[in-house]
Each structure stands twice: as structure tokens, then as C-alpha cells.
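The block underneath contains the structure these notes are about, expressed in C-alpha cells.
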Amino acid sequence: MAEMYIRVAEEENEEPMEIPSEDDGTVLLSTVAAQFPGACGLRYRSPVSQCMRGVRLVDGILHAPENGWGNLVYVVNYPKDNKRKMDEIDASSATKIKRGDQKTSDLIVLGLPWKTSEQDLKDYFSTFGEVIMVQVKRDVKTGNSKGFGFVRFTEWESQGKVMSQRHMIDGRWCDCKLPNSKQGPDEPMRSRKVFVGRCTEDMTTDELRQFFMQYGEVTDVFIPKPFRAFAFVTFADDQVAASLCGEDLIIKGISVHISNAEPKHNNTRQMMERAGRFGNGSLCHLPPMSICSHRTAR
DNA sequence: GTTGAGCGTT
């Protein structure tokens, strides 16, 4: 596909800027954010309905409307706009959106038959509502099921129903509970950095940045090497970081867990790593850390 | 090739 540009502006009748699309016709949120720092999405006025419409955003990738991008002017969305509106609103009414109670989280499924597959789980739990994630935990070497897994629903109601009863799955009684890996309502802790647990090896810093951008401006993404199944994401705004703590988010189909990044003692090293990252984007080499200290109390 | 309370390669 020839190089293509879409028109993006800060406000509807301001001078638009042309922003390049990808080869497949999508536009990366990061490309938008490169010109409009802090952007979390796009909207446009539908020529048909005359209403503002949101542009579909999946994992940091903006998808063109039905009839392509066309010549419309797209307007940048910022997370801060919502926050301001929210503050204005919940000064008087107690509107939710406040992030917390109504959101679903992963449920652990205990007692699965060895033979039960993810498809089996999905088929079974779909009778309770839309399922957005299932996992069967397996032995890495043998691939055998460990007899438990996880499920995540779209609707809070489905989750409640599923937790309130026992389940006959492939001939065994199973229980669904809130996993205890998740800490309850915790103290915010004024950090702009969050810990992202349960990362997979194929997640790149770019992809993480793409993903977390939708919540607010991302200032840093750090993935320890060699692979250690977690990452750190730093936001420009500590409130954004705080709002994500305790949540399970789904990146590339994988459920990751967000918690507050505990500073611990090895700050000097992190500062050195930051200092070593210069124009060429490469990282200065440091000897492997002898002891890593990221335990959560259990 | 086994097993049956647990907690997701922090």
C-alpha cells in the first residue's frame, strides 16, 4: 500500500496534522502520541449521524472506520479530559467509573479433570456469560494439566454467579474462587511506576508501551533481561499508575497482573540503567543482578 | 504412563 496519511487535530476546527498509517491501513496509537503526547485515542464526527464516534482501539492499534479513514479530521482523545469531567461530575453525584468494584477479575478454577482443555473450559463457562480469557495451567515439560486454571468474564454478574456455586466439569466438581495472589484494596503509594506480573517472553517494550498508553502517557517501559516474566511501566501521572494497581489486564490474550512497583534498595542500579540509555537507544551493559527482590507477601 | 490440595515461570 502506498504511504497514506490521516488528518488529526487537537480540536475539531483546529488545523489538522497528517499522520502516517501502517501498511495494513491501521494507525498506531504511538504514532499519534508522537505528535500529540498523552493521546489515548481518536474520535471523529460521523458524516451520517453527525455524532462524534470513537475509533476502534485494540492493543494500541487504531482501526479505520467502515469506509476507511477517508478525508475526515480525527480529533485526539486525552485521558485527562475524562478525569476532569469525572471530577466535575462526582463532586455532586456518585457516578461510578471510579475504577474498582464493578470490574471483573480472574477466577481460579480448582479441581479440574486432567483431561479438561481450555476449549472445554470456554464452552462450559460461556453458559454463564461472555468469557474473555481461559487458561489451564500445565506442567511446562510434559504439558499435562495441573488440574487448575483461570477464567475471566466480561460481566461482573457472570463472575458473581459462577463464584456462588459449584461446577460439574467433565465429571468432576470444581470450585471457582478469587485467587489469593491478588491483594485486596491496598494503599495507593505515590509511585508513577507499576509492576506488571505474568508477562510472556514475546511481549516487547513497544507492545507494552502501545498497550498501556490507553491509560495515560507512558514515560518508560522496562523489561529485565534475561526473561523474568515481569516488567515495569512508568506513567507520567502517578494517579494513572495508582488506578491500575490490583487489576488484571489482558495483553495479547494473556492476563497480566498490575501491582505497585516496590522501590526496594536497588534504585541505584535502575538509575544507572536509565543514565546509560542515550540517543542510540541502547542500554549500557551491567553484570546480572545477584539477588532480585520482588516478593509479595502471602 | 503416577496425582487431587492448591494459587498464575515476581
Side-chain angles (χ1 to χ4, degrees), chain A residues 103-122 124-125 131-153 159 162-163 166-184 186 189 191 193-205 208 211-212 220-234 241 244-267 269-270 273 288-298:
Chain A
K103 298 183 76 71
T104 62
S105 57
D106 297 0
L107 299 178
I108 187 166
V109 188
L110 273 348
L112 290 174
W114 311 118
K115 53 170 279 205
T116 299
S117 69
E118 319 224 343
Q119 189 60 54
D120 296 332
L121 275 192
K122 175 140 195 190
Y124 173 78
F125 283 115
V131 170
I132 50 180
M133 195 271 321
V134 286
Q135 285 181 330
V136 172
K137 286 302 164 191
R138 301 173 185 282
D139 184 283
V140 214
K141 288 196 283 279
T142 67
N144 292 334
S145 167
K146 292 193 191 164
F148 72 96
F150 293 87
V151 63
R152 173 90 166 272
F153 291 92
Q159 170 169 331
V162 163
M163 279 192 296
R166 301 249 290 157
H167 302 272
M168 179 57 74
I169 302 176
D170 289 343
R172 269 182 64 95
W173 285 109
C174 303
D175 293 300
C176 294
K177 309 197 282 206
L178 287 171
N180 43 36
S181 58
K182 219 176 334 289
Q183 74 273 32
D186 259 9
M189 188 175 154
S191 176
K193 185 161 59 177
V194 295
F195 179 92
V196 185
R198 306 200 301 264
C199 288
T200 53
E201 199 158 12
D202 63 318
M203 292 179 187
T204 66
T205 54
L208 291 183
F211 178 84
F212 282 101
D220 190 52
V221 175
F222 181 73
I223 301 179
K225 288 180 248 306
F227 176 64
R228 288 209 276 154
F230 64 88
F232 292 105
V233 174
T234 309
L244 292 177
C245 284
E247 295 216 29
D248 292 310
L249 304 175
I250 293 174
I251 306 177
K252 297 171 81 177
I254 303 296
S255 174
V256 301
H257 187 69
I258 313 300
S259 52
N260 37 11
E262 358 188 317
K264 283 296 182 218
H265 27 290
N266 40 18
N267 276 345
R269 181 192 169 85
Q270 292 175 5
E273 283 174 335
M289 230 180 317
S290 48
I291 296 174
C292 48
S293 44
H294 284 294
R295 281 262 24 114
T296 45
R298 184 162 288 171

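So that the names make sense, note that chain A is the first sequence line, chain B the second, and so on, each numbered from 1. Hydrogens, waters and symmetry mates are skipped; everything else that's a heavy atom, side chains included, is used.
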Nearest non-hydrogen partners of E247(A) and K103(A), listed with the distance: OE1-CE, 3.0 Å
Integer-rounded Å distance: dT3(B) P and R138(A) CZ: 18 Å
In whole angstroms, the gap separating C1' of dT3(B) from CZ of R172(A) amounts to 10 Å
Aro-ring/base stack F150(A)-dG8(B), d under 5.5 Å, angle under 30°: yes
For atom NZ of K141(A) and atom C1' of dT3(B), their distance in whole Å: 16 Å
Give me the ring orientation class for F222(A) and F232(A): parallel if the planes are under 30° apart, tilted from 30 to 60°, perpendicular past 60°. parallel
Ring geometry between F125(A) and F153(A) (parallel below 30°, tilted from 30 to 60°, perpendicular above 60°): perpendicular
Does the distance from a Lys or Arg side-chain N to an Asp or Glu carboxylate O, for D248(A) and R198(A), drop under 4.0 Å? yes
Nucleotide of dT9(B), dC7(B), dT10(B) approaching F227(A) most closely (side-chain heavy atoms): dT9(B)
Rounded interatomic separation in angstrom, taking NZ from K193(A) and P from dT10(B): 18 Å
Using a cut-off of strictly less than 4.0 Å, decide whether K177(A) has a side-chain nitrogen or oxygen near OP1 or OP2 of dG6(B). no
At 4.0 Å (heavy atoms only), tell me whether T200(A) reaches a base, stays on the sugar-phosphate, or touches nothing. nothing
Rounded interatomic separation in angstrom, taking CG from D175(A) and P from dG4(B): 17 Å
Measure from CH2 on W173(A) to C1' on dG4(B) and round the result to the nearest Å. 17 Å
Write down the distance between CG (D139(A)) and C1' (dG4(B)), rounded to a whole number of angstrom. 16 Å
On DNA chain B, nearest-nucleotide positions of T142(A) versus G197(A): which is more 5'? T142(A)
Donor-acceptor pair, distance only, cut-off 3.5 Å: does the side chain of K252(A) make one with the backbone of D202(A)? yes
Does one side chain, of S255(A) or D106(A), offer a donor that lies under 3.5 Å from an acceptor on the other? yes
If you define the side chain from C-beta out and look only at heavy atoms, does anything of H167(A) sit under 4.5 Å from Y124(A)? yes
Atom pair distance, as rounded to whole Å: CG in N144(A) and C1' in dT3(B): 10 Å
Pull out every residue in residues 110-118 of chain A that has a heavy atom closer than 4.0 Å to any atom of DNA chain B, ordered by number, or say none. L110(A), G111(A), L112(A), P113(A), W114(A)
